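Reading through the structure tokens given below for one structure.
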Amino acid sequence: MTGTRGTSTSTSTSTSTSTRAHARTRTRTRTRAALFTVPLVAIGVLGTAVAPAGAAPSHPAKSLTCRGKGVDPDAAVRHRTETVIHAPLHTIWKLQSDVESWPAWQDGVQTVERLDDGPLRRGAAFRWTAPVPPNPATPATSLDITSTVRQLRYGSCIRWTGPAVGEGLRIDGVHVWNFTRVRGGVRVSTEETHTGEQVDANVPFATEVLRRGLETWLGDLKAAAEACHHD
């Protein structure tokens, strides 16, 4: 009897210790996952967007360029998409290049501050913030992004680069926009790449978040430009 109780006690203690260790491992895993997911959701404009009408995602071998420069060729996280906007080119260009007006037509942009004066041009820089919604692991916060225009051709293309920094996160992005007149409007094409320790750790997830963000941006631009055109 005594020997049986001793064995039972030993087994119970061992099981309890194993259970606690397993619980700690699961907690750490959930915490790491939450910290990784929350900042990326901001890039994807809350991660709940669907493709706008007319959006056509694609992954061609040849990337978009502006004055001969494109996205990061070595980046594992990339997405390209486009849509036709039924509005004049000058309307679309003004909405996109007047970066300080972005919060008026994009829910995913909180603030924008130009770091220089005058029209958007090569070398122009701007700082903007995107919301990060709360989740069980972290409170609501924001992501700070500083973008610098590297190439620009008026009415045709823009390319900017810059870091996005959040709590425990840094993403280096390269973003290219092309604007082409077509029958009935303008085809707006966009391609972006992300690099960084956090996004490279989960390329499929980071790519999906980027896809949602770009398609939401195109959808917002389309809605704003077409509304202006029909007013």
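Model, not experiment: these values are computed from the prediction.
- The backbone N or O of Asn178 sits nowhere less than 3.5 Å from a side-chain atom of Ser189 that would complete a donor-acceptor pair.
- We find the CZ-OG distance between Arg78 and Ser63 to be 5.0 Å, quoted to the nearest 0.5 Å.
- Contact of the Ile92 side chain with the Leu221 side chain is registered, since non-hydrogen atoms from C-beta on lie closer than 4.5 Å.
- More than 12 heavy atoms of other residues, nucleotides or ligands lie within 6.0 Å of CZ in Arg121, so this atom counts as buried by the packing criterion.
- Between Trp102 and Trp217, the ring planes are perpendicular. Angles over 60° get that label, and only those under 30° would be called parallel.
- No donor-acceptor distance shorter than 3.5 angstrom exists from the side chain of Arg159 to the backbone of Gln151, with no hydrogens or angles considered.
- Both Trp105 and Ile145 are members of a single hydrophobic cluster when ILVMFWY side chains are connected at heavy-atom separations under 4.5 Å.
- Counting heavy atoms from C-beta on, the side chains of Arg153 and Arg67 come closer than 4.5 Å.
- Here the CD1-CD distance, from Ile171 to Glu197, works out to 12.0 Å after rounding to the nearest 0.5 Å.
- In this structure, CH2 in Trp93 is found 7.5 Å from OH in Tyr154, a value given to the nearest 0.5 Å.
- Val99 and Leu89 fall within a single hydrophobic cluster, where Ile, Leu, Val, Met, Phe, Trp and Tyr are joined by side-chain heavy atoms under 4.5 Å apart, directly or via other members.
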Worksheet item: What do the steps show when you test Ser142 against Thr129 for side-chain hydrogen bond (donor to acceptor under 3.5 Å, both in side chains), and what is the final call?
Response: CA-CA 6 Å; Ser142 63; Thr129 59; 5.3 Å; no
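- Comment: Arg114 does not engage Glu100 in a salt bridge, judged by the lack of any side-chain N to carboxylate O separation of less than 4.0 angstrom.
- Taking CG of Leu214 as the start and CD of Glu82 as the end, the distance is 12.5 Å to the nearest 0.5 Å.
- Note that OG1 of Thr111 is 10.0 Å distant from CH2 of Trp128, once rounded to the nearest 0.5 Å.
- A continuous path of hydrophobic side-chain contacts links Leu95 to Val149 [ILVMFWY only; heavy atoms under 4.5 Å].
- Residues Ile158 and Gln96 meet the side-chain proximity criterion, which asks for heavy atoms closer than 4.5 Å.
- Here the side chains of Ile85 and Glu226 are in contact, with some heavy-atom distance below 4.5 Å.
- Side-chain N or O atoms of Arg212 include none that pairs as donor or acceptor with a backbone N or O of Thr207 at under 3.5 Å.
- Scanning all heavy atoms of the two residues, the minimum distance from Ala164 to Leu143 falls at CB-CD2, 4.0 Å.
- In the hydrophobic clustering of this structure, Val77 groups with Leu169; members are Ile, Leu, Val, Met, Phe, Trp, Tyr whose side-chain heavy atoms approach within less than 4.5 Å, directly or through other members.
- With hydrogens and angles ignored, the 3.5 Å screen pairs no side-chain donor or acceptor of Ser97 with any backbone N or O of Leu120.
- No side-chain heavy atom of Arg80 sits under 4.5 Å from any side-chain heavy atom of Thr190.
- The distance from the CD atom of Gln106 to the CG atom of Asp220 is 5.5 Å, given to the nearest 0.5 Å.
- At least one donor-acceptor pair closer than 3.5 Å links the side chain of Lys222 to the backbone N or O of Val84.
- Within the 4.5 Å cutoff, no side-chain heavy atoms of Val209 are placed close to those of Arg211.
- Considering every non-hydrogen atom in both Pro163 and Asp172, the closest pair reads CB-OD1, 3.7 Å.
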